[in-house]
Q: 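Quick one: the structure is below, questions incoming.
Quick caveat, the model's predicted, so the values are computed rather than measured. Below, read A as the first sequence line, B as the second, and so on, with proteins coming before strands; counting in each chain starts at 1.
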Amino acid sequence: MVATEHILQDLNPPQREAVTAVEGPLLILAGPGSGKTRVITHRIAYLVDQEGVAPWRIVAVTFTNKAAREMRQRVFAHLGDRALDVALGTFHSICARLLRVEGERIGLQRSFNIYDDADQMAVIKRVTEALNIDPKKFSDRAILSTISRAKSELVDARTYAAEARDYFAEIVARSYERYQALLAENAALDFDDLILKAVTMLQEHESIREKYEERYLHVLVDEFQDTNLAQYELARILAGGHGNICAVGDPDQSIYSWRSADIRNILNFERDFPGARIVLLEQNYRSTQHILDAAHAVISGNRQRTEKSLWTDRGHGEPIVVFEAYDEGEEADFIAGEIARLTGVEAGPGDPGEPAWALRDFAVMYRTNAQSRAVEEALIRAGIRYQLVGGTRFYERREVKDVLAYLRLVHNPYDMVSLARVLNVPGRGIGTKTVQQLERWAQALGVPLYTALQILVAQESPEKQQSRPPQAPRHPAAARQAKAVVEFVEMLDELMDVAAKNNLSTLLDGVVERTAYRRYLYGEFDDGEQRWENVEELRNVAAEYDGLAPGNGLVSFLEDVALISDQDTLQEAPDDAPDAGRVTLITLHSAKGLEYRAVFMIAMEEGVLPHVRSFDEPAQLEEERRLAYVGMTRARERLYLLRAFKRYAMGASQHNPASRFLKDIPPELIAQRSAFADGSPATTAGRYREPARVDARPLVPEDAVFSGGEKVRHPRFGEGIVVSCRVANGDQELTVAFKGEAGIKRLLLSLAPLERL
DNA sequence: CGAGAATAGTTTTTT
DNA sequence: ACTATTCTCG
């Protein structure tokens, strides 16, 4: 009983209900910051400790691996080692594990590789080329995403073809079938297949279904608003026997409909699970009331929602700061300035009674990845450390992908995407022409590329080969290329041998050694050293799997790497970190589930947020609004909404009006700031006020604008004459010719203590 | 075959 | 503006 007290102690009444309602279906509608993760982890602890449920009979699904890890840690705090037995992971990782164990029953090879987006593109490209589909009329991307959507709705190629009505659907139907055939030949599954195959396997094989229905007594699903139909179906099947399913979500935070997330899952929950209990979590423990009110004002603009009002007892806090910058440079400089001011790098200590600000307390959020650039530049200029979440991802770097492709090949040599990638990397004289010839030859033989290469080896060395005289038509490669292929295949064989007997990092070393990969990087690329460091970094990751048995290490590693998400790369500096961490730069999508003391949302402009491509679809516009809501509710104490009068995008300068979301925020919640003197940005009617220059705090005093020919004095360099002056990122870069030894200097106006003479 | 130039497409979000 | 792919030449 003591333990119960402990588990339920610091929960509010609805939270407590959500934790203790263990029988039957339960839907928890949890507003941002309402202690959702807490409820899930406490519920698991309660099930184990109070209800006597064995940990391994609980399955909990999260959206990212990071969330899963975090949840595991928090369950660990309650249950200790028993937490390790809870089946906890993302839909994709859980399905991958399921398919590794049971997949052979549905004809899956145990060593299947998982294809990411780029791999999928490579496959679909082969498909559309083979089918002579004009890429100008139907882009590979469009076809692929249609296939993906079909899969997430549990529509297989056959069904899709039967339902295809228009010409595009015809094209997709043909591609879909071919695409699946090619994946099968490659012994590969794409992301959607992981879910789809797991579901169909459970549907069609009663014995397997019963096994898992029986095993899992309780099913928990986090971020339920972002599940697609296939994922929902999986959860439903697992909960089939007992109906003990607990789904946690917030319709207002549904931002992944483009990834086939289906908000109807929440609406259907009550229909599919009659008698489902519903618990609303409305008390917010994260943000100030001002932030909640502003966020509520924005989300209230959506028609398709059920009202849920958030409240806090944390007080009103500071007003929301809306800042109008001239361009994205100034916008970014403002952020750097605020961070510097609050962390006291520039000024004295912060407000009394307020804990000191550290870099880890700040996040900058944006709609598209490309927007991080200006912010990064400003932070670098200001000497502020930051971490970029997502962006150019580590696992998408060329050198990393190359080495991974070798490892994937060792694991599954039929993976033709990986094979084609590294057959001539590092260059071994097997050019595109030869590869094409070989691929065509393999196709004519009706065998996977790897098998074809093996036949080639056999044909090249008849003396070693008595058992099976080569009946296949002779390979088309020229002597020199054939020799290179033989060497490649032999190398691969050796590596497979290494893999069977050694741990993962030894295998990786073997790959790098035998391909002379380091020499290749240094020889081919100017930034070879940097690239080599990335390979070393990959090796560090691999070394974490050295404890596993030879085969298992490779499988787990490849699986984890394939299913890694942007958020998973997020570093969190512990509160007592000596360096106070870093500022986080992150997209609004990736920011879901996170929180920061201060949040800067940039580019609050029509066309950016809401994004221009959402304009013609009311449903999409509502999703943009939810995205804004998600961003705003990440903030605990301070929320800054920024916009720029002028912004460069795709090479051209744009003038975007203020976002409609800004206008939805009651003016009394806002402290307006503006740094530019123009005074005439696109004015729009509404409650939103255009910048008043009242409390402007420009980084560069307006009277400090210099022009050529003016005389100035610098404390160190002495007197000089301004040669030129150009505007750069809201600052001005001056070229000054000083008298005497100093000579010609370039100075930033904001930094240089210049005095006009 | 490889290197460098020309050109096309891209940018909304990602497991 | 930037990257990735295709084209062209040595």
Side-chain angles (χ1 to χ4, degrees), chain A residues 61-68 89-96 114-118 120-122 125 135-136 139-141 145 148 151-152 189-196 223 226-228 230-231 254-261 365-374 389-393 395-396 398 424-436 478 480-481 484 523-525 559-569 586-592 603 607-615 617 620-621 623-624 626-628 630-631 647-654:
Chain A
V61 194
T62 60
F63 197 66
T64 63
N65 296 301
K66 179 173 174 284
T90 63
F91 272 109
H92 291 91
S93 66
I94 285 174
C95 287
I114 298 170
Y115 275 4
D116 69 9
D117 191 64
Q120 292 176 47
M121 282 303 281
K125 201 170 164 195
K136 279 179 195 130
S139 76
D140 291 346
R141 170 65 60 198
S145 63
S148 168
K151 286 184 177 182
S152 59
L189 298 183
D190 66 18
F191 285 143
D192 301 308
D193 280 338
L194 292 175
I195 318 284
L196 176 71
E223 306 284 10
D226 288 323
T227 53
N228 64 35
Q231 293 165 332
S254 160
I255 54 175
Y256 282 100
S257 75
W258 51 274
R259 224 174 68 190
S260 309
M365 300 181 184
Y366 34 81
R367 178 67 233 265
T368 65
N369 276 304
Q371 289 168 340
S372 68
R373 270 284 291 267
V389 178
T392 325
R393 299 173 193 108
Y395 289 100
E396 279 172 23
R398 185 181 184 156
N424 197 35
V425 175
R428 46 176 74 86
I430 311 169
T432 38
K433 262 261 172 60
T434 311
V435 175
Q436 267 173 20
R480 198 183 181 159
Q481 276 73 21
E524 284 307 298
F525 303 99
E559 199 161 292
D560 290 352
V561 165
L563 299 177
I564 212 150
S565 73
D566 279 348
Q567 263 208 26
D568 298 331
T569 65
I586 193 167
T587 63
L588 288 164
H589 279 90
S590 294
K592 192 184 63 162
V608 183
L609 186 68
H611 195 271
V612 65
R613 288 180 59 165
S614 70
F615 282 173
E617 272 281 338
Q620 282 187 31
L621 248 162
E623 182 145 319
E624 296 291 305
R626 292 193 291 269
L627 196 52
V630 165
R647 181 178 303 279
Y648 278 96
M650 280 194 269
S653 126
Q654 302 172 340

Q: Apply ring pair (Phe, Tyr, Trp, His ring centres under 6.0 Å) to A/Phe191 and list each qualifying residue two or more places apart in sequence or on a separate chain.
A: A/His92
Q: Has A/Trp258 got its ring stacked on B/dT13, by the test of a centre gap below 5.5 Å and a plane angle below 30°?
A: yes
Q: Please tell me which of the listed nucleotides, B/dT13, B/dT15, C/dT5, lies nearest to the side chain of A/Thr587?
A: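 Shortest atom-to-atom distance from the side chain points to B/dT13.
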Q: Rounded to whole angstrom units, what separation is found between the CD atom of A/Glu559 and the P atom of B/dT15?
A: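 After rounding, the gap between these two atoms is 16 Å.
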Q: Looking at B/dT14, I'd like to know if its phosphate oxygens (OP1 or OP2) sit under 4.0 Å from a side-chain N or O belonging to A/Ser590.
A: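 So the side-chain polar atoms of A/Ser590 do come within 4.0 Å of the phosphate oxygens OP1 or OP2 of B/dT14, strictly under.
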Q: Rounded off to whole Å, could you give me the CZ-to-P distance for the A/Phe615 and B/dT12 pair?
A: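 Distance check: A/Phe615 CZ to B/dT12 P gives 12 Å.
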Q: Rounded to the nearest angstrom, tell me the gap between atom OH in A/Tyr256 and atom P in B/dT15.
A: 6 Å
Q: Go nucleotide by nucleotide along DNA chain B from the 5' end; which of A/Ser139 and A/Asp192 gets its closest nucleotide reached first?
A: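 It is A/Ser139, whose closest nucleotide lies nearer the 5' terminus.
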Q: Who passes side chain to side chain contact (heavy atoms under 4.5 Å, CB included) against A/Gln481, sequence neighbours left out?
A: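 For A/Gln481, the residues satisfying side chain to side chain contact (heavy atoms under 4.5 Å, CB included) (neighbours in sequence not counted) are A/Thr434, A/Ala477, A/Ala478.
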Q: Quickly work out the A/Leu627 CG to B/dT14 P distance and round it to whole Å.
A: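 Nearest whole value for this atom pair: 10 Å.
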Q: Go through B/dT15, B/dT14, B/dT11 for me and flag the one nearest to the A/Arg613 side chain.
A: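 For A/Arg613, the side-chain atoms sit closest to B/dT11.
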Q: With no hydrogens and no angle check, do the side chains of A/Ser152 and A/Asp192 hold a donor and an acceptor under 3.5 Å apart?
A: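 Absent: no donor and acceptor within the cut-off.
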Q: Going by ring centres under 5.5 Å and near-parallel planes (under 30°), is A/His611 stacked on B/dT12?
A: yes
Q: Could you check whether A/Phe91 gets within reach of a base, just the sugar-phosphate, or nothing at all, counting any heavy atom under 4.0 Å?
A: nothing
Q: List every contact pair, protein side and nucleotides 1-6 of chain B side both N or O, where the distance is under 3.5 Å.
A:
unit_1: B/dC1; atom_1: OP1; unit_2: A/Gly431; atom_2: N; d: 2.6
unit_1: B/dC1; atom_1: OP1; unit_2: A/Thr434; atom_2: OG1; d: 2.8
unit_1: B/dC1; atom_1: OP2; unit_2: A/Thr432; atom_2: N; d: 3.4
unit_1: B/dG2; atom_1: OP2; unit_2: A/Asn424; atom_2: ND2; d: 3.3

Q: Suppose we screen for salt bridge (charged side-chain N to carboxylate O under 4.0 Å, His left out). Which residues come up paired with A/Arg398, at least two apart in sequence or across chains?
A: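 Partners of A/Arg398 under the salt bridge (charged side-chain N to carboxylate O under 4.0 Å, His left out) test: none.
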Q: Of the nucleotides B/dT14, B/dT15, C/dT6, which one has an atom closest to the side chain of A/Asn369?
A: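 Minimum distance to the A/Asn369 side chain belongs to B/dT14.
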Q: Roughly how many Å is it from CG in A/Asn65 to C1' in B/dT15, rounded to a whole number?
A: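 The answer, rounded to whole Å, is 9 Å.
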Q: I'd like to check the side-chain hydrogen bond (donor to acceptor under 3.5 Å, both in side chains) partners of A/Ser254; sequence neighbours left out, ordered by chain and number.
A: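 Counting only residues at least two positions away or on another chain, A/Ser254 forms no side-chain hydrogen bond (donor to acceptor under 3.5 Å, both in side chains).
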Q: Can you tell me how far P of B/dT11 sits from CD of A/Glu624, to the nearest Å?
A: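 Between P of B/dT11 and CD of A/Glu624: 16 Å.
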Q: Is any side-chain N or O of A/His92 under 3.5 Å from a base N or O of B/dT15, one able to act as donor and the other as acceptor?
A: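 Present.
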Q: State whether A/Asp226 and A/Arg259 are salt-bridged, where the test is any N-O pair (Lys NZ or Arg NE/NH1/NH2 against Asp/Glu carboxylate O) under 4.0 Å.
A: no
Q: Give me the distance, rounded to whole Å, that separates C/dA4 from B/dT13 when you measure between the P atoms they each carry.
A: 15 Å
Q: Take the protein atom CZ of A/Arg373 and the nucleotide atom P of B/dT12, then report the distance between them rounded to whole Å.
A: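 That distance rounds to 18 Å.
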Q: Less than 4.5 Å apart, side chain to side chain, heavy atoms only: is that true for A/His589 and A/Trp258?
A: yes
Q: What pairs with A/Ala68 under side chain to side chain contact (heavy atoms under 4.5 Å, CB included), at least two apart in sequence or on another chain?
A: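 Counting only residues at least two positions away or on another chain, A/Ala68 forms a side chain to side chain contact (heavy atoms under 4.5 Å, CB included) with A/Thr62, A/Leu88.
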Q: Roughly how many Å is it from OH in A/Tyr115 to C1' in B/dT15, rounded to a whole number?
A: 18 Å
Q: Looking only at side-chain atoms of A/Gln620, point me to the closest of B/dT14, B/dT12, C/dT5.
A: B/dT12
